[in-house]
Amino acid sequence: MAGNSTRHGLSVTSRALALLAAFDQRHRRLTLTELAARAELPVPTAHRLVGELVAWGALSRTESGNYVIGRRLWDIGLLAPVQSGLRQIASPYLHDLYGATLATVHLAVRDGTQVLYIDRLSGHASVPVVSTIGSRLPLHATAVGKVLLAHAPPEIRSAVFSDLPRITRYTVNQPGALGRQLERVREDDFATTVEEMSLGACSVAVPIRAGGEVVAALGVVVPSLERDQARLVSALQVAARGIGRSVPGPVID
């Protein structure tokens, strides 16, 4: 982005939102100059708006002078229905699942063409897990993502199939092969991955249904699925049914 360009015609609100949108998983800490460049705003404009955002609590300034997302913005985000409703309902089931498996447990929903992780409990085993609460990952390379992709509208599947980056050497990035996998997911009612998102990590996930619709996915990450896949699928399905019975209706579009 051109840091010195002026975004003509934008309202103050749009410019403030552009500054907030400058943050993502790879850019959690930004200098003022970086913020201005990524938001395509002049530095003086960015400086004024960032000051207001800091004063309100949407941004915070670290001791090193970088800016990070502020606690107040996080608190407001937790009020979103997909956060407060589904997370609250699913929480006891996630803890039961964690207690039964001691594995990293994920609760996720689809956000456009990505999977959004809305809750996570870290497991005991030393397994590389790249997800965090609030992070977004590719639908085609994660078990929870494949569950959600298998039940997504055709236009979403087409958009995902048009761009299938290879994350590891095991990532399924051929449309034909992925399409066959998704058919199997719909038949078996669970999905698996083996080192597709990160080496040394395998995952299995099942859908959560409410009102007949798949509204979320529940998954675990483990070092291997060779011996425990059936047990993990069974435990996940029990938890998913419990969550689904408690959800009043679809929680995502």
Side-chain angles (χ1 to χ4, degrees), residues 1 3 7 10-95 97-98 104-112 114-124 128-138 142 144-145 197-198 208 215-219 221 243 246-247 251-253:
M1 293 184 179
R7 305 184 73 174
L10 290 182
S11 66
V12 173
T13 301
S14 296
R15 293 177 182 183
L17 290 174
L19 288 167
L20 295 176
F23 294 90
D24 59 26
Q25 291 299 310
R26 291 175 295 179
H27 302 88
R28 293 174 176 266
R29 296 171 178 266
L30 296 169
T31 65
L32 177 63
T33 301
E34 291 169 338
L35 267 171
R38 288 179 58 78
E40 296 184 345
L41 294 173
V43 172
T45 301
H47 181 266
R48 175 176 57 81
L49 292 174
V50 165
E52 294 180 10
L53 291 170
V54 169
W56 187 79
L59 295 179
S60 295
R61 190 179 186 189
T62 67
E63 292 183 359
S64 63
N66 292 330
Y67 292 93
V68 297
I69 292 295
R71 174 62 185 271
R72 191 170 181 184
L73 198 62
W74 172 253
D75 290 341
I76 289 175
L78 292 176
L79 299 177
V82 69
Q83 293 279 6
S84 60
L86 185 56
R87 283 188 71 196
Q88 184 175 6
I89 290 170
S91 180
Y93 296 95
L94 263 66
H95 282 85
L97 187 59
Y98 169 78
T104 295
V105 182
H106 285 145
L107 177 66
V109 297
R110 182 176 60 81
D111 184 18
Q114 295 180 305
V115 55
L116 169 63
Y117 292 83
I118 63 174
D119 208 350
R120 168 190 162 180
L121 298 177
S122 297
H124 285 190
V129 180
V130 298
S131 63
T132 59
I133 296 176
S135 66
R136 292 170 174 80
L137 292 177
T142 62
V144 287
M197 192 67 228
S198 58
I208 297 173
V215 297
L218 184 65
V221 181
I243 297 169
S246 302
V247 175
V251 294
I252 58 172
D253 295 333

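Throughout, residue positions are numbered sequentially from 1 according to the sequence presented. Note that these values count all heavy atoms, side chains included, but never hydrogens, waters or copies made by symmetry.
Rounding to the nearest 0.5 Å gives a distance of 7.5 Å between NE2 of H95 and CG of D119. The OH atom of Y117 sits 4.0 Å away from atom OG1 of T142, with the distance rounded to the nearest 0.5 Å. Taking CG from L121 and OG from S91, the interatomic distance works out to 7.0 Å, rounded to the nearest 0.5 Å.
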Please assess R15 against V12 for the test side chain to side chain contact (heavy atoms under 4.5 Å, CB included), listing each intermediate value before the final yes or no. CA-CA 5 Å; R15 293 177 182 183; V12 173; 5.8 Å; no
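S198 meets the side-chain contact (heavy atoms from CB on, under 4.5 Å) test with P128, V130, A201; sequence neighbours excluded. Shown here are the side-chain contact (heavy atoms from CB on, under 4.5 Å) partners of Y93, two or more places apart in sequence or in another chain: A239, I243, S246. Legend: residues meeting side-chain contact (heavy atoms from CB on, under 4.5 Å) with H47, ordered by chain and number and at least two apart, are L32. Remark: S135 engages no residue in a side chain to side chain donor-acceptor pair (under 3.5 Å) (not counting sequence neighbours). The side chain to side chain donor-acceptor pair (under 3.5 Å) check on E52 picks up nothing, with sequence neighbours excluded. Residues passing the side-chain contact (heavy atoms from CB on, under 4.5 Å) test with R120 are T104, H106, S122, V129, S131, T132, I133, sequence neighbours excluded.
In terms of heavy-atom proximity, A22 sits nearest to L30 at O-CD1, 3.7 Å. Shortest non-hydrogen contact noted between Y67 and V50 is CE2-CG1, 3.4 Å. Residues L35 and L19 approach most closely at CD2-O, 3.5 Å, considering heavy atoms. In terms of heavy atoms, A16 sits closest to L49 at N-CD1, 4.1 Å. A90 and L107 get closest at one heavy-atom pair: CB-CD2, 3.6 Å. Between A36 and A46, the closest heavy-atom pair is CB-CB, 3.7 Å.
The backbone N or O of I118 sits less than 3.5 Å from a side-chain atom of R87, completing a donor-acceptor pair. Between the side chain of E34 and the backbone N or O of T31 there is at least one donor-acceptor pair closer than 3.5 Å.
For residues 54-63, the side chain to side chain donor-acceptor pair (under 3.5 Å) pairs, not counting sequence neighbours, are T62-S64.
Each of L218, V115, L137, I208 was evaluated against V144; a single residue qualifies, V115, per the side-chain contact (heavy atoms from CB on, under 4.5 Å) test.
In R48, the CZ atom is crowded: over 12 heavy atoms of neighbouring residues, nucleotides or ligands sit closer than 6.0 Å.
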